[in-house]
K.L.:
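Before anything else, here's the structure in question.
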Amino acid sequence: MEIAVLLRNDLRLHDHPALSQAVLDGKILPVYVLEENLGDAFKYWTHRNLETLQSSFREIGGELFVSRLPLPETVRALQEELAITAVYFNQSHHPQQRIRDEEFALQLVGEGLIVRIFEGTMLLPPSESVKGNGEPYQVFSPFYKQFRTKSIPPTVPRIREALFVGCDLNIKSISTDITSLQLVPSIPWTHGMDEIWTPGEDAAIERIQTFIDEDVAAYKITRDFPAISGTSRISPYLAIGSLSVRSVYHYTLKTQPDVSEAFIRQLIWREFAYQMLIHFPHTVSKPLNPKFSKFPWLNNEEHYEQWCLGQTGVPLIDAGMRELLSTGYMHNRVRMNVASYLTKHLLIDFTKGMSWFWNKAIDADFANNTFGWQWTSGSGADASPYFRIFNPYLQSKKFDSEAVYIRKWVPELRGLSNQDIMEPDQASSDALEKAGVVLGETYPRPIVPHKAGRARALLAYEKIKK
DNA sequence: TAAACGTTCAC
DNA sequence: TGAACGTTT
């Protein structure tokens with residue numbers, strides 16, 4: 001049997017259910033299919049991960065086939081040119097892709113092709129995580145509790161050898177090379193990403209093993225401090241699928257069963273985000289809580305731009321936004337703060353934040369991004385109540401008490417004391433002068449003072465409360 | 001995965 | 001005066 005294995009955000013040879021079954025069933029043709037509307041940073045990350053995946057296939061005597069066509073056209077062309085008789089792939093949970101895939105699969109089956117769909121993204125297929133009455137969970141704690149009682153399917157072995165369908169035939173009409181997909185931005189802004197992130201599954205596995213072996217026990221405490229590398233930093237690998245979440249789960253519980261629950265809990269938050277997207281696909285653009293459709297957003301364009309570029313005049317917020325822009329990543333503690341600041345202090349629609357992160361985050365994941373923004377804005381499932389408004393100055397004091405994170409990303413304030421650097425507009429003119437800071441010139445004044453911003457946000461919330 | 005604000009109580 | 005705690009937003 002000649003099997004096309006369609007690859008998307010699952011660029012790995014380890015624990016790849018579709019590939020692994022295909023290798024047992026016949027000759028394989030691994031095919032990368034570019035989907036539409038990927039974010040800019042994620043495109044670049046995809047490019048780099050495709051390169052490492054290509055070398056992995058070459059090491060075992062094969063070749064990654066890169067298609068220039070959309071998924072249905074790709075399969076059609078492979079059918080005609082290479083007499084493919086089967087198509088295997090890991091299911092996409094992107095609402096539109098999933099519907100298209102299911103319809104197309106039915107068509108192909110109707111024509112006599114063998115189509116097999118696997119779960120390669122989630123710990124459990126989403127159908128298994130529903131309440132007793134069949135309804136989806138919308139509160140995390142009970143979801144987590146029942147999830148933890150389930151056994152997660154074991155991983156499948158890494159592909160080490162396979163029979164490949166010869167693809168050097170007359171199929172230039174379909175195939176292209178990685179570079180021609182044009183995933184690398186023409187104006188380069190990716191230098192900071194290159195410095196921080198190593199693509200590929202070997203790097204991904206090394207990262208998670210180091211974290212689990214050395215850091216997971218302290219995670220519960222250290223994860224809150226953005227200047228410490230206390231988090232796993234595996235999100236970019238999970239997003240492109242160069243790391244399998246089941247591998248992470250099993251490795252963690254096998255090697256550190258007694259000290260890893262806080263981390264496991266985060267993997268289950270991811271699972272929760274996916275099942276919310278699956279059951280409530282409208283949340284990609286509309287608030288989950290319908291009350292929020294009447295929310296009086298201000299949507300000031302200039303303020304939005306200041307937020308995007310890290311020029312709000314609030315050091316912690318600016319540090320985070322600059323970290324994102326430079327590295328494609330932002331520490332989770334700071335993500336919560338910048339999201340709170342955008343939606344509450346600035347009263348800017350959470351979908352604007354969603355789209356900035358979609359384009360700038362190297363770990364852009366459709367489910368996580370959607371869920372996270374719904375949650376922080378107060379609209380989402382099990383959301384923090386709207387009145388949970390972060391005080392960015394208090395957050396700096398609690399979680400970056402030595403201002404190490406702020407100094408790293410807001411260098412123009414480095415000369416200020418730990419106290420002044422967190423809130424430079426409250427520093428004495430003497431202190432500012434000594435540090436070479438001129439408010440409004442070398443560093444902006446805050447767009448909105450904290451107290452006034454908080455009061456304004458609460459007032460806006462009153463309007464949709466009924 | 002919050003913060004503000006009021007009250008109480010110990011100095 | 002200021003922790004400490006409970007309640008409100």
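As the structure is a computational prediction, the values presented were derived from the model and not from experiment. In what follows, every chain begins at residue 1, and chains take the letters A, B, ... in the order their sequences are listed.
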K.L.:
For the residue pair A:Asp318 / A:Tyr443, report whether a side-chain donor-acceptor contact shorter than 3.5 Å exists.
P.N.:
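Short answer, yes.
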
K.L.:
Compute the centroid of each ring, for A:Phe295 and then for A:Phe292, and state whether the two points are separated by less than 6.0 Å.
P.N.:
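Yes, ring centres under 6.0 Å apart.
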
K.L.:
Do A:His93 and A:Glu119 pair up side chain to side chain, a donor and an acceptor below 3.5 Å, judged on atom types alone?
P.N.:
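A pair is found: one side chain offers a donor N or O, the other an acceptor, under 3.5 Å apart.
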
K.L.:
Using a heavy-atom cut-off of under 4.0 Å over every strand shown, decide if A:Lys220 touches base, sugar-phosphate, or nothing.
P.N.:
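Here A:Lys220 touches no strand at all.
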
K.L.:
Which nucleotide in the set B:dA3, B:dT1, C:dT9 lies at the smallest distance from any side-chain heavy atom of A:Phe387?
P.N.:
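Of B:dA3, B:dT1, C:dT9, C:dT9 is nearest to the side chain of A:Phe387.
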
K.L.:
Show me the pairs that pass ring-ring contact (aromatic ring centres under 6.0 Å, His included) and involve residues 198-221 of chain A, at least two apart or across chains.
P.N.:
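Applying ring-ring contact (aromatic ring centres under 6.0 Å, His included) to every pair that reaches into residues 198-221 of chain A, excluding sequence neighbours, yields A:Phe211-A:Tyr219, A:Phe211-A:Phe263, A:Tyr219-A:Phe263.
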
K.L.:
Any side-chain N or O of A:Gln395 below 4.0 angstrom from OP1/OP2 of B:dT1?
P.N.:
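Negative; the distance criterion is not met.
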
K.L.:
A:His331 NE2 to B:dT1 P: how many Å, rounded?
P.N.:
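Atom-to-atom, A:His331 to B:dT1, this comes out as 16 Å.
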
K.L.:
Between A:Arg265 and A:Tyr144, is NZ or CZ placed under 6.0 angstrom from the six-membered ring centre and within 45° of the ring axis?
P.N.:
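Relative to the ring axis of A:Tyr144, which defines the angle, A:Arg265 lies inside both limits.
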
K.L.:
Given atom OH of A:Tyr393 and atom P of B:dA3, what is their separation to the nearest angstrom?
P.N.:
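Answer to the nearest Å: 14 Å.
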
K.L.:
Take atom NZ of A:Lys344 and atom C1' of C:dT9, then tell me their distance rounded to the nearest Å.
P.N.:
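Taking atom C1' of C:dT9 as the reference, NZ of A:Lys344 is at 12 Å.
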
K.L.:
Would you kindly give the CG-to-C1' distance between A:Leu316 and B:dA2, to the nearest whole Å?
P.N.:
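Distance check: A:Leu316 CG to B:dA2 C1' gives 14 Å.
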
K.L.:
Does atom CD (A:Gln419) have a neighbourhood of more than 12 heavy atoms from anything else shown, all under 6.0 Å?
P.N.:
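Atom CD in A:Gln419 is not crowded, with 12 or fewer foreign heavy atoms closer than 6.0 Å.
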
K.L.:
CD of A:Gln209: more than 12 outside heavy atoms within 6.0 angstrom?
P.N.:
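More than 12 within 6.0 Å, yes.
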
K.L.:
For A:Phe399 and B:dA3, give me the distance from atom CZ to atom C1', rounded to whole Å.
P.N.:
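Checked: the CZ to C1' distance equals 12 Å.
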
K.L.:
Rounded to whole Å, please give me the gap between CD in A:Glu462 and P in C:dT8.
P.N.:
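In whole Å, C:dT8 P and A:Glu462 CD are 15 Å from each other.
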
K.L.:
Expressed as a whole number of angstroms, how long is the span from A:Asp224:CG to B:dA2:P?
P.N.:
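Rounded to the whole Å, the gap is 9 Å.
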
K.L.:
Send over the distance from A:Phe371 CZ to B:dT1 C1', rounded to a whole Å.
P.N.:
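A:Phe371 atom CZ is separated from B:dT1 atom C1' by 12 Å.
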
K.L.:
Can you name the atoms? Protein N/O to nucleotides 4-6 of chain B N/O, anything below 3.5 Å, with the distance.
P.N.:
residue, atom, partner, partner atom, Å
B:dA4, OP1, A:Asn391, ND2, 2.9
B:dA4, OP1, A:His450, NE2, 3.3

